[in-house]
Student: 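Sharing a structure here in structure tokens format.
Counting convention: from 1, in listed order, for ligands and their atoms alike.
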Amino acid sequence: MQIISALKDIPGASPSGGNRLVALQPHRHMVQEHVSDTPDFGAAHPKIEVTGLSVYYGKTQAIKDVSVTIPEKRVTAVIGPSGCGKSTFLRTLNRMNDLVPGVKVEGSVLLDGMDIYSPHVDVVELRKKVGMVFQRPNPFPKSIWENVAYGPKCQGITNRATLEQIVERSLREAALWDEVKDRLYSSALELSGGQQQRLCIARALAVEPSVLLMDEPAASLDPISTTRIEDLISQLRNNYTVVIVTHNMQQAARVSDYTAFFLMGRLVEFDATEKIFTRPSRKETEDYITGRFG
Ligand code: ADP
């Protein structure tokens with residue numbers, strides 16, 4: 001088995017400790033009934049519990065009966081060949097698929113134990129809790145400051161000092177503050193692509209989400225900007241649950257604690273990243289990570 005060399009740098013990927021199930025006990029019934037191969041999450045609590053998820057675009061079934069539990073304050077990578085359903089899966093976690101005409105979602109997605117597909121859920125509130133960053137940075141054509149303050153302003157925050165604190169905190173958390181603090185009122189479009197992507201992350205963080213979904217966040221960036229985004233993701237795990245779709249396996253190995261491997265709409269294997277890339281349980285996973293297909 002070829003071992004991806006970048007794996008030696010995985011932060012926090014190696015599980016340790018024996019009695020880790022203790023922290024999972026309130027949710028054990030879910031895990032035992034629906035997910036036979038949930039890995040040991042150590043001290044992390046389950047954040048998102050997906051059960052029997054199927055997603056259809058008209059007659060095309062993009063996600064097939066997926067059950068998986070995503071741990072809190074860890075980075076979970078979603079990998080798999082193009083078209084296997086990675087983005088669709090990610091978008092079900094904050095109901096972005098609702099915007100696609102003809103989409104049908106079956107199964108359940110619990111966030112902190114609450115069903116996000118319940119008719120009582122306010123989708124705008126949900127998307128504040130579960131923020132999203134896309135492949136191409138998409139800042140508003142406004143100043144850096146306005147980009148970050150936009151969400152809090154929509155939430156009704158008008159006090160200037162409060163907004164300034166939020167802008168600074170968010171830009172610091174997105175590792176952008178030092179680069180932009182002297183030009184907060186310049187257009188966001190003057191920033192480099194990598195800076196724009198970190199600005200989009202700051203914009204997502206400004207409304208205090210607990211989950212950050214990232215769909216190929218470094219795919220359009222140069223290698224140095226990519227490294228900065230990867231370093232940032234490693235930092236974010238201290239405060240946020242991160243789910244990242246990436247077609248770049250080395251990136252998954254570098255940034256994530258857990259990895260879910262999808263193939264043709266199914267979840268083939270979900271485990272600690274270190275295990276997926278060195279000792280996968282399934283032949284399909286091994287074939288994929290060793291480059292035999294995909
Ligand atoms: P990935 O992110 O792994 O490349 P996607 O989730 O984008 O995969 O796509 C999974 C399947 O769903 C593919 O067959 C794709 O063609 C289909 N699909 C994705 N988005 C749509 C859409 N908006 N309408 C119809 N089919 C879609």
Side-chain angles (χ1 to χ4, degrees), residues 4 48-70 75-109 111 116-117 123 126-127 130-138 197 200-201 204 211-221 226 229-230 233 241-256 258-271 273 276-277 280 282-294:
I4 304 257
I48 302 172
E49 291 166 290
V50 175
T51 307
L53 181 74
S54 292
V55 181
Y56 303 80
Y57 297 108
K59 288 185 180 151
T60 306
Q61 187 172 2
I63 296 290
K64 297 172 183 166
D65 194 20
V66 166
S67 295
V68 64
T69 301
I70 292 173
V75 179
T76 298
V78 180
I79 64 168
S82 186
C84 71
K86 302 182 295 297
S87 296
T88 300
F89 173 75
L90 196 73
R91 290 195 302 260
T92 59
L93 304 182
N94 74 346
R95 294 186 50 176
M96 288 291 278
N97 285 323
D98 288 14
L99 307 171
V100 179
V103 80
K104 188 172 85 177
V105 177
E106 291 173 352
S108 76
V109 179
L111 173 69
I116 69 166
Y117 282 89
V123 178
L126 170 69
R127 294 192 191 128
V130 185
M132 188 141 186
V133 175
F134 299 88
Q135 179 170 346
R136 296 209 163 270
N138 57 350
Q197 193 61 304
C200 292
I201 293 170
V211 179
L212 207 51
L213 308 177
M214 298 183 151
D215 195 349
E216 303 261 14
S220 68
L221 304 180
T226 297
I229 295 281
E230 289 182 4
I233 293 168
T241 301
V242 178
V243 187
I244 175 174
V245 163
T246 178
H247 68 268
N248 178 331
M249 284 188 279
Q250 284 83 357
Q251 180 168 79
R254 283 191 297 265
V255 304
S256 70
Y258 295 90
T259 295
F261 170 56
F262 278 72
L263 190 61
M264 295 168 68
R266 294 194 186 279
L267 175 62
V268 172
E269 189 166 352
F270 176 56
D271 215 325
T273 296
I276 290 278
F277 284 99
R282 299 287 301 266
K283 172 89 169 54
E284 299 98 312
T285 316
E286 178 177 340
D287 287 350
Y288 183 67
I289 66 162
T290 54
R292 260 173 242 154
F293 70 92

Student: Is atom 18 (N) of ligand 1 in close reach of the protein, with a heavy atom under 4.0 Å away?
Tutor: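 Yes, there is a protein heavy atom closer to it than 4.0 Å.
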Student: Counting non-hydrogen protein atoms only, what is the nearest one to atom 27 (C) of ligand 1? Give residue, atom name and distance.
Tutor: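 For this ligand atom, the closest protein heavy atom is Tyr57 CD1, 3.3 Å.
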Student: Can the positive tip of Lys86 be found less than 6.0 Å from the middle of the six-membered ring of Phe262, inside 45° of the ring normal?
Tutor: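 That pair does not qualify as a cation-pi contact.
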Student: Between Val66 and Leu267, what is the shortest heavy-atom contact and its length?
Tutor: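 So the two residues come closest at CG2-N, 3.8 Å.
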Student: Looking only at distances, please establish whether an N/O atom of ligand 1 is found under 3.5 Å from an N/O atom of Gly85.
Tutor: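 There is such a contact, yes.
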Student: Which heavy-atom pair separates Ile79 from Cys84 by the least distance, and what is that distance?
Tutor: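 That closest heavy-atom pairing would be O-SG, 4.5 Å.
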Student: State the atoms of ligand 1, each with its element, that fall below the 4.0 Å cut-off from a heavy-atom position in Pro81.
Tutor: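 Answer for ligand 1: 3 (O).
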Student: Does a side-chain N-to-carboxylate-O contact under 4.0 Å join Glu230 and Arg254?
Tutor: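 The answer is yes: the pair qualifies as a salt bridge.
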Student: Among protein heavy atoms, which sits nearest to atom 7 (O) of ligand 1, and what does the distance come to when rounded to 0.1 Å?
Tutor: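 Atom 7 (O) of ligand 1 sits closest to the protein heavy atom Ser87 CB, 4.0 Å.
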Student: Of the choices Leu99, Val245, Val100, which has the non-hydrogen atom that lies closest to atom 23 (N) of ligand 1?
Tutor: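 Looking at heavy atoms only, the winner is Val100.
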Student: Contact between Gly265 and ligand 1, counting heavy atoms under 4.0 Å?
Tutor: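 No heavy atom of Gly265 comes that close to ligand 1.
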Student: Donor-acceptor pair, distance only, cut-off 3.5 Å: does the side chain of Arg95 make one with the backbone of Ile116?
Tutor: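 Yes; at least one donor-acceptor contact below 3.5 Å.
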Student: Under 3.5 Å between any N/O of Thr60 and any N/O of ligand 1: does that happen in this structure?
Tutor: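 By distance alone, the answer is no.
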Student: Identify, by atom number and element, the atoms of ligand 1 in contact range of Lys86, meaning under 4.0 Å from any of its heavy atoms.
Tutor: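 Going through ligand 1 atom by atom, the ones under 4.0 Å from Lys86 are 1 (P), 2 (O), 3 (O), 4 (O), 6 (O), 8 (O).
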Student: Thr259 and Phe277: which non-hydrogen atoms are nearest, and at how many Å?
Tutor: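 Closest approach of Thr259 to Phe277: OG1-CE1, 3.9 Å.
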Student: Quick one: look up the protein heavy atom nearest atom 9 (O) of ligand 1 and list residue, atom name and how far away it is.
Tutor: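 Of the protein heavy atoms, Thr88 OG1, 3.9 Å lies nearest.
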Student: Protein heavy-atom contact under 4.0 Å for atom 11 (C) of ligand 1?
Tutor: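 It does: a protein heavy atom is found less than 4.0 Å away from atom 11 (C) of ligand 1.
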Student: Return the residue, atom name and 0.1 Å-rounded distance of the protein heavy atom closest to atom 1 (P) of ligand 1.
Tutor: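 Looking at atom 1 (P) of ligand 1, the protein heavy atom closest to it is Gly83 N, 3.5 Å.
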Student: Donor-acceptor pair, Glu269 side chain versus Arg282 backbone, under 3.5 Å?
Tutor: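 Present.
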Student: For a side-chain hydrogen bond (donor to acceptor under 3.5 Å, both in side chains) check, start with the C-alpha distance between Asn97 and Arg91, then their side-chain angles and the critical distance, and finish with the verdict.
Tutor: CA-CA 6 Å; Asn97 285 323; Arg91 290 195 302 260; 2.9 Å; yes
